There are 2 protein chains.
Amino acid sequence: MTDPGPHAMTPEPMRGDAIVALLRAHGITPTYQRVQIAQFLFERDQHLSADQVLESVNARHAGVSKATVYNTLGLFADKGLIREVIADPARVFYDSNTHPHHHIFDMDRGTLQDIPATDVTVGTLPTLPEGMVVEGVDVIIRVRRPR
Amino acid sequence: MTDPGPHAMTPEPMRGDAIVALLRAHGITPTYQRVQIAQFLFERDQHLSADQVLESVNARHAGVSKATVYNTLGLFADKGLIREVIADPARVFYDSNTHPHHHIFDMDRGTLQDIPATDVTVGTLPTLPEGMVVEGVDVIIRVRRPR
DNA sequence: TTGGGTGCAAACTATTTGCATTCGA
DNA sequence: TCGAATGCAAATAGTTTGCACCCAA
């Protein structure tokens, strides 16, 4: 847990070589497609579906296929660069902020919002099944406009 | 919150007319397909995907289509008979236990396990966006066998 | 030259939709 | 009789897979 992640960096958009270094530091070969996607993801903290990433990345200068966006987001998540958020049954969101925090899910708009981890307290955890290890604790508050 | 739900009933499988009454009490017309599905769901507390429900219901005496299973589970969830659990990115689970509780998700097996609500404490909630109301708070502990 | 890594077209599958049919008033 | 509700075949859309290509050793 000594990895500072992308968020230890400056608030300005990261330069191309900073992105390349970040990918390398996570054991990811920095290809053209991956740099494009990472560049976009780390412009700021955001919650994006694969489709939104595809659209935005290709709006710039294109050349990245749908499958590659999916595979790359999965790879980034595996390597701990971004965080998968399972909140909307229709699609997976990827959160470019990997610091510990939780989420509010707007069921009407289908959008996510961060909650500081300190605003939620998770107390006692139950005994886990044998040989199992906690990968993460997700707290999702589902909100909507009253019907 | 005065609705006792199906769990106020006996531990034995509910009889057909008890299921019919339960559906009616929730404003659901008790058709053949819906009764078949409800009968199966409320045999015991369980976490099932739509596909598992389809298979099990049709293994008995059949006659329920895939689309109807999906639509019926959605209807039951809307009416508060069962609870949707969003934990596995690949499929939605339906929990026949609607009492407040949380879940452990086994990432290797893709299965859910209940946690008593009392084993997890959610402290301060943040201020919600204007005009929004909390539909539910989901806590999911993701576990897996260490790699 | 060769073997693992990469990108993507095509395939796959969970879920939704549109509509013919049925049901209750 | 008639409008609303129901069930399902077919369509949709998010995601995964299989394979041609590329590159470092």
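No experiment lies behind these values; they were computed from the predicted model shown. Numbers restart at 1 for each chain; the letters A, B, ... are given by sequence-line order, proteins then strands.
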Atom CD of Gln33(A) and atom P of dC23(D): how far apart are they, to the nearest Å? 12 Å
For atom CZ of Arg109(A), is the number of surrounding heavy atoms from other residues, nucleotides or ligands below 6.0 Å larger than 12? no
Charged N to carboxylate O below 4.0 Å: is that the case for Arg24(B) and Asp17(B)? no
Between Ala50(B) and Thr29(A), which has a closest nucleotide on DNA chain C that is more 5'? Thr29(A)
Calculate the interatomic distance between Asp78(B) atom CG and dT15(C) atom P; express it in whole Å. 15 Å
From the set dG14(D), dT15(C), dC8(D), return the single nucleotide nearest to any side-chain atom of Asp51(A). dG14(D)
For the residue pair Asp45(A) / His99(A), report whether a side-chain donor-acceptor contact shorter than 3.5 Å exists. no
Salt bridge between Arg144(B) and Asp106(B), side-chain N to carboxylate O under 4.0 Å? no
Leu54(B) has an atom CG; how far is it from atom C1' of dT16(C), in whole Å? 16 Å
In whole angstrom, give the distance that lies between atom CZ of Phe76(A) and atom P of dG7(C). 10 Å
Please tell me which of the listed nucleotides, dT17(C), dT17(D), dT15(D), lies nearest to the side chain of Ala67(A)? dT17(D)
Nearest-neighbour nucleotide for the Asn71(A) side chain, dT15(C), dT16(D), dC8(D) considered: dT16(D)
Closest to side chain of Tyr70(A), choosing from dA14(C), dT16(D), dC8(C): dT16(D)
Could you check how far CZ of Phe93(B) sits from C1' of dT15(C), rounded to whole Å? 15 Å
Side-chain contact check for Lys66(B): nearest option of dT15(D), dT6(C), dA14(C) is dA14(C)
Rounding to a whole Å, what distance do you find between Leu48(A):CG and dG14(D):P? 14 Å
Out of dT6(D), dC8(D), dT6(C), which has the shortest distance to the side chain of Arg34(B)? dT6(D)
Position toward the 5' end of DNA chain D (nearest nucleotide), Ile28(B) or Val92(A): Ile28(B)
Which part of the nucleic acid, if any, lies within contact of Thr68(B), taking any heavy atom under 4.0 Å across all strands shown: a base, the sugar-phosphate backbone alone, or nothing? base
Taken to the nearest whole Å, OH/Tyr32(A) to P/dC23(D) is 16 Å
Euclidean distance, atom CG of residue Asp88(A) to atom P of dT16(C) [Å, nearest integer]: 10 Å
Using heavy atoms to find the nearest nucleotide of DNA chain D for Pro89(B) and Leu75(B) separately, return the residue whose nucleotide is more 5′. Leu75(B)
Of the nucleotides dC8(D), dG7(D), dT15(C), which has the atom closest to the Thr31(B) side chain? dG7(D)
May I ask you to decide whether Glu84(A) forms a salt bridge with Arg91(A), counting only side-chain N to carboxylate O separations under 4.0 Å? no
